Amino acid sequence: MSRILESRFFNRPTLAVAHGLLGKYLCRRRGRRIIRAMITEVEAYDGPRDKASHASRGRTVRNTPMFGPAGHWYVYLTYGMHWMANIVVGKRGYPAAVLIRGVEGINGPARVTKYFKIDKRFNSKPAARQTGLWIEERGVRIKRSDIKHSARIGIAYAGPVWSNRRYRFHLN
DNA sequence: ACGATGATGAAC
DNA sequence: TTCATCATCGTA
């Protein structure tokens, strides 16, 4: 049994969605083939005050998807070569997203997008089967005690308050 | 430890 | 229009 996650799942507080994504499956259809992998690591970027978030300096062309409806993708290029896959969460107008940092067997957000062949084509598109990139519940139960939380990676510029927040969640 | 590699946003 | 900065990775 499996269930494709829809906006009712993503339209919740950012940290709750981040926790909830662990154990869910990132799914990609290319032609007839579908690849799936369990999400094992995520990071939350929560609201306009979060100094580590692209939205901390207001709305721009790039970060516009973060202000849009929950359950849509926010995909952007970093370091001139790596795509980052984020799912938008929370209410419209409130900029928040969860970065998918790792799936089973693949660690690192750039490796995830490389493996799943995710790029700007998905930016602002809904996570849905029709789009070719979506997220499924497949019956994996994650115990609260199996979720580790720690500081987010690569965001020291955000200052001590925001860089020390334990907004990174992972299994193991 | 550091270079790759280019879009972004802010300053000028 | 220029410039520093980046939600990183692979090689050392």
Side-chain angles (χ1 to χ4, degrees), chain A residues 5 9-10 12-26 28 35 37-91 93-127 131 133-135 147-172:
Chain A
L5 300 183
F9 177 88
F10 299 107
R12 293 187 293 141
T14 309
L15 299 188
V17 177
H19 278 110
L21 282 173
L22 297 174
K24 303 299 191 291
Y25 282 73
L26 184 61
R28 175 84 162 92
I35 56 174
M38 192 178 75
I39 296 169
T40 55
E41 182 182 354
V42 298
E43 274 177 5
Y45 290 85
D46 187 24
R49 294 161 50 91
D50 182 351
K51 290 297 184 204
S53 170
H54 287 167
S56 68
R57 280 173 294 186
R59 187 176 184 146
T60 64
V61 172
R62 177 175 64 169
N63 68 24
T64 290
M66 294 188 77
F67 292 80
H72 288 228
W73 296 106
Y74 173 41
V75 180
Y76 68 91
L77 189 67
T78 194
Y79 297 108
M81 61 187 99
H82 301 307
W83 295 103
M84 300 286 110
N86 302 249
I87 188 80
V88 175
V89 304
K91 293 193 300 189
Y94 181 82
V98 176
L99 170 66
I100 299 177
R101 282 195 62 89
V103 299
E104 213 170 14
I106 300 173
N107 302 312
R111 288 172 164 184
V112 169
T113 55
K114 186 179 179 188
Y115 177 73
F116 279 89
K117 295 194 163 51
I118 297 168
D119 60 27
K120 65 182 176 186
R121 300 195 315 277
F122 294 98
N123 190 38
S124 82
K125 297 280 196 313
T131 311
L133 183 65
W134 67 95
I135 299 174
I147 299 177
K148 301 272 192 290
H149 52 103
S150 56
R152 292 172 290 182
I153 306 294
I155 54 132
Y157 60 85
V161 172
W162 291 97
S163 61
N164 289 331
R165 289 217 172 175
R166 302 247 202 284
Y167 279 5
R168 172 176 175 243
F169 304 98
H170 54 107
L171 299 177
N172 243 338

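Not measured: the values here are computed from a predicted model. The chains referred to below are lettered A, B, ... by the order of the sequence lines, with proteins before strands, and numbering in each begins at 1. Reckoned from all heavy atoms, side chains included, excluding hydrogens, waters and symmetry mates.
Atom CZ in Arg111(A) sits roughly 7 Å away from atom C1' in dC9(C) (whole-Å rounding). As rounded to whole Å, 17 Å separates atom P of dA4(B) from atom CG of Leu77(A). Look at CE on Met81(A): it is 11 Å from P on dG10(C), rounded to the nearest Å. Rounded to a whole Å, the CD1 atom of Ile118(A) is 16 Å from the P atom of dT8(C). Between the C1' atom of dT8(B) and the NZ atom of Lys120(A) lies a distance of 14 Å, rounded to the nearest Å. At whole-Å resolution of the value, NE2 in His54(A) and C1' in dT5(C) are 11 Å apart. Rounded to an integer number of Å, the gap from OH of Tyr76(A) to C1' of dT8(B) is 12 Å. Atom P of nucleotide dA7(B) and atom OH of Tyr74(A) are separated by 15 Å, given to the nearest angstrom.
Heavy atoms of Ile155(A) sit under 4.0 angstrom from primed sugar atoms or phosphate atoms, though from no base atom. Counting any heavy atom pair closer than 4.0 Å across all strands shown, Ala110(A) reaches sugar-phosphate atoms only and no base atom. Nucleic acid contact class of Met84(A) (heavy atoms, under 4.0 Å, all strands): sugar-phosphate only.
In summary, the side chains of Ser150(A) and Arg166(A) do not present any donor paired with an acceptor at a separation below 3.5 Å, with no hydrogens or angles considered.
Taking the six-membered ring wherever Trp is involved, the centroid distance between the rings of Phe10(A) and His72(A) does not fall below 6.0 Å.
A side-chain contact (heavy atoms from CB on, under 4.5 Å) with Leu26(A) holds for exactly one of Ile35(A), Val112(A), Ile87(A); it is Val112(A).
Proximity of Arg62(A) to the phosphate of dG9(B): a side-chain N or O atom is located under 4.0 Å from OP1 or OP2. Listed pair Arg101(A) / dT8(C) meets the phosphate criterion, a side-chain N or O lying under 4.0 Å from OP1 or OP2. OP1 and OP2 of dT8(C) both lie 4.0 Å or more from every side-chain N or O belonging to Thr78(A). Between dA7(C) and Tyr157(A), a contact under 4.0 Å exists linking OP1 or OP2 to a side-chain N or O. Note on Arg57(A): every side-chain N or O is 4.0 Å or more away from OP1 and OP2 of dT8(B).
For Arg152(A) and Glu43(A), the salt-bridge test fails: no basic side-chain N is under 4.0 Å from an acidic carboxylate O.
A donor-acceptor pair is defined here as one N or O able to donate and one able to accept, closer than 3.5 Å; such a pair exists between the side chain of Arg12(A) and the backbone of Phe9(A).
For Arg121(A), the side-chain hydrogen bond (donor to acceptor under 3.5 Å, both in side chains) criterion is met by Asp119(A), not counting sequence neighbours.
At a cut-off of 3.5 angstrom, the base of dA7(C) holds no donor-acceptor pair with the side chain of His82(A).
Within a 6.0 Å radius of OH in Tyr115(A), no more than 12 heavy atoms belonging to other residues, nucleotides or ligands are found.
Look at the P atom in both dA4(C) and dG3(B): the space between them is 16 Å, to the nearest Å.
The side chain of Met66(A) lies closest to dA7(C), out of dA7(C), dC9(C), dA7(B).
Ring-plane geometry between His54(A) and Tyr74(A) is classed as perpendicular, the angle between the planes exceeding 60 degrees on a 0 to 90 degree scale with a lower cut at 30.
A distance cut-off of 5.5 Å between ring centres, combined with a plane angle under 30°, leaves Tyr79(A) outside any stacking arrangement with the base of dG6(B).
Scanning DNA chain C for stems, defined as runs of 3 or more consecutive Watson-Crick or G-U wobble pairs whose donor-acceptor distances all fall under 3.5 Å, gives the following ranges: B:1-4 with C:8-11, B:6-11 with C:1-6.
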